[in-house]
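This report refers to the structure that appears directly beneath it.
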Amino acid sequence: MPSGGHRPPSASGTRVEFNLGLALPVLALAAVVVVDLITSQGEHFDRLLVIGPALAAVTWSVRGTLTIGLLAIVLRLALGVAQGDTAGDIVSAELVLVAVTAAAVWISRVRTRYEQDLSEVTAVAEVVQRVVLRPLAPRLGEVELHLLYVAAAAKARIGGDFYEAVRVPGAVRVMLGDVQGKGLGAVETASVLLGSYRAAVTDASGLAELADRLEEGLARYGAWAPESDAAERFATVLLLEFPDGQDVVRVLSCGHPAPLLQHQGRIRAVPLHDPSLPLNLAGLCTSRHRVEEVPFRPGDRMLLFTDGVSETRDRAGDFYPLEQRMGRWADEPGDRVLPLLHHDLTTYGAGRLDDDVAALLVVRLPQPAAVAAAAGAAGAPSA
């Protein structure tokens with residue numbers, strides 16, 4: 001945290017935080033009492049004591065809101081007596097405060113229940129994300145992985161974009177994909193594809209067979225759950241394989257945008273000469289998967305991304321210049337690139353992202369680092 005924003009510790013050694021939202025009801029009551037006492041005879045502001053319980057309903061608990069309301073009632077009674085108000089004026093003002101306090105307590109109760117429900121839903125969403133979209137290891141085999149994932153739906157933790165990276169014998173296999181549409185249906189389709197991928201990734205002979213297994217998994221799910229619209233959605237998928245000891249990467253695209261390759265500071269899109277159709281559309285015509293092999297040397301980087309990145313628009317409707325931006329960050333450390341991308345995307349999109357965003361930066365480790373990582377893994381004591 002910057003030094004300019006750091007609070008000095010209190011005498012007890014703990015930092016004291018001032019919560020303005022919690023303090024506002026008390027400050028409002030105090031201000032009304034002070035103003036009412038210092039004004040000239042005949043000018044009364046005690047009717048504004050209703051502000052206290054009204055503000056408390058927004059930030060305080062039910063019990064706290066009731067306390068603020070009772071305090072406002074007592075203060076109004078004291079002010080009325082001190083100012084010589086008639087019994088009728090005092091009673092009418094007190095009835096108003098009682099009514100406002102009752103309403104504030106009800107609002108506080110509804111608000112706290114909503115917050116509890118939201119907290120539980122958020123906790124469930126976080127568990128679902130950890131199960132469906134598991135955190136990636138920062139390093140697998142000879143590659144380093146950096147992930148950016150943002151769901152477009154407010155408060156959501158998971159969307160229709162999906163990813164996975166798995167260490168298999170002799171290689172690392174990576175998948176990044178994007179389901180057509182948004183909402184729970186897209187999440188359902190993404191979970192089906194992730195399950196199929198995890199079941200097939202280790203024993204599939206290559207990326208072409210892996211793509212076929214993903215297609216079969218989606219078709220089987222559609223037959224098992226015909227009421228689900230998962231069978232009606234298509235998904236673009238990018239499959240990659242990073243073989244050990246070889247300065248290449250194998251790429252298979254099922255209708256997905258080509259990744260960007262950085263070599264010696266130069267950024268270019270990986271040439272995909274014959275991409276396959278998106279998954280769940282292959283039945284429209286004969287589909288043949290072609291695997292491209294591209295040089296991927298120590299120190300090279302490859303950015304995989306969904307269209308939530310490349311199709312972000314500014315206020316003028318222009319698409320985000322991803323390749324240009326990546327060139328600007330070519331000398332940044334790998335762990336800095338995606339935070340820079342996230343900030344720049346949000347700024348470019350006028351402070352908001354309209355689609356799910358997933359980006360995965362894969363860095364080929366320099367040979368000494370890769371050897372050391374492999375040696376460290378081999379020499380680690382068994383459990």
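These numbers come from a predicted model, not from an experiment.
For the pair Ala358 and Val309, the tightest heavy-atom approach, listed with the atom from each and the gap, is O-CG2, 3.9 Å. Nearest heavy atom pair, residue Leu341 against residue Tyr320, reads CD1-OH, 3.5 Å. Nearest heavy-atom pair, Gly349 versus Thr312, reported as atom, atom and distance to 0.1 Å: CA-CG2, 4.0 Å. The two atoms that bring Arg250 and Glu241 nearest to each other are NH1-OE1, 2.6 Å, heavy atoms only. Scanning all heavy atoms of the two residues, the minimum distance from Pro25 to Gly52 falls at CB-O, 3.6 Å. Taking every heavy atom of both residues into account, Ala104 and Ala54 meet most closely at CB-N, 4.5 Å.
Using a distance-only test at 3.5 Å, with no hydrogens or angles considered, no donor-acceptor pair links the side chain of Asp307 to the main chain of Ser310. A donor-acceptor contact shorter than 3.5 Å is absent between the side chain of Glu144 and the backbone of Gly334. Using a distance-only test at 3.5 Å, with no hydrogens or angles considered, no donor-acceptor pair links the side chain of Glu94 to the main chain of Ile90. Of the possible polar contacts, none joining the His256 side chain to the Pro278 backbone as a donor-acceptor pair under 3.5 Å is found. Judged purely by atom type and a 3.5 angstrom limit, Arg111 uses its side chain to pair as donor or acceptor with the backbone of Val58. Distance alone, capped at 3.5 Å, places no donor-acceptor pair between the Arg336 side chain and the Leu340 backbone. Not a single donor-acceptor pair under 3.5 Å links the side chain of Glu164 to the backbone N or O of Leu194. Listed for the Arg173 side chain is a donor-acceptor partner under 3.5 Å among the backbone atoms of Val201. The backbone N or O of Asn280 lies less than 3.5 Å from a partner atom in the side chain of Glu215, making a donor-acceptor pair. Remark: side-chain polar atoms of Ser119 are not paired, donor with acceptor, to backbone N or O of Glu115 under 3.5 angstrom.
In this structure, Arg290 places its CZ atom where more than 12 heavy-atom neighbours from other residues, nucleotides or ligands lie under 6.0 Å away. Environment of CZ in Arg328: crowded, with over 12 heavy atoms of neighbouring residues, nucleotides or ligands closer than 6.0 Å. Within 6.0 Å of CG on Asp117 lie more than 12 heavy atoms contributed by other residues, nucleotides or ligands.
If you take CG on Asp274 and CG on Leu252, they are separated by 9.5 Å, rounding to the nearest 0.5 Å. Taking CG of Leu148 as the start and OH of Tyr163 as the end, the distance is 10.5 Å to the nearest 0.5 Å. Between Met175 atom CE and Leu193 atom CG the span is 6.5 Å, to the nearest 0.5 Å.
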Before giving the answer on side-chain contact (heavy atoms from CB on, under 4.5 Å), spell out for Val249 and Val251 the whole-Å C-alpha distance, their side-chain angles and the decisive distance to 0.1 Å.
CA-CA 6 Å; Val249 55; Val251 183; 4.2 Å; yes

Check the pair Ile267 / Leu261 against side-chain contact (heavy atoms from CB on, under 4.5 Å), numbers first and verdict last.
CA-CA 6 Å; Ile267 309 292; Leu261 175 64; over 6 Å; no

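Side-chain contact between Thr346 and Val150 is absent, with no heavy atoms from C-beta onward closer than 4.5 Å. Considering only heavy atoms from C-beta on, Asp244 comes within 4.5 Å of Glu142 through its side chain. Contact of the Leu279 side chain with the Leu281 side chain is not registered, since no non-hydrogen atoms from C-beta on lie closer than 4.5 Å. Using a 4.5 Å cut-off on side-chain heavy atoms (C-beta onward), Tyr348 and Pro321 make contact. For the pair Val237 and Asp178, the minimum side-chain heavy-atom distance is 4.5 Å or more. When side chains are defined from C-beta on, Val248 does not count as touching Val294, because their heavy atoms never get closer than 4.5 Å. Between Leu145 and Pro138 the shortest side-chain heavy-atom distance does not fall below 4.5 Å. In this structure the side chain of Leu49 never reaches within 4.5 angstrom of the side chain of Ile51, judged on heavy atoms.
Salt bridge status for Asp344 with Arg325: present, with a side-chain N to carboxylate O gap under 4.0 Å. Comment: Arg213 engages Asp203 in a salt bridge, judged by a side-chain N to carboxylate O separation of less than 4.0 angstrom.
Side-chain contact, Thr306 with Asp161: a donor N or O sits under 3.5 Å from an acceptor N or O. Checked by atom type, the side-chain pair Asp300/His263 shows a donor-acceptor distance below 3.5 Å. Side chain to side chain, His289 and Asp212 meet the donor-acceptor criterion of an N or O pair below 3.5 Å.
Screening Leu260, Leu238, Leu360, Leu338 against Phe305 for a side-chain contact (heavy atoms from CB on, under 4.5 Å) leaves a single residue, Leu260.
Within the structure, every pair that satisfies the side-chain hydrogen bond (donor to acceptor under 3.5 Å, both in side chains) test and touches residues 59-68, not counting sequence neighbours, is listed here: Thr65-Ser108.
With sequence neighbours excluded, the residues satisfying ring pair (Phe, Tyr, Trp, His ring centres under 6.0 Å) with Phe296 are Phe242.
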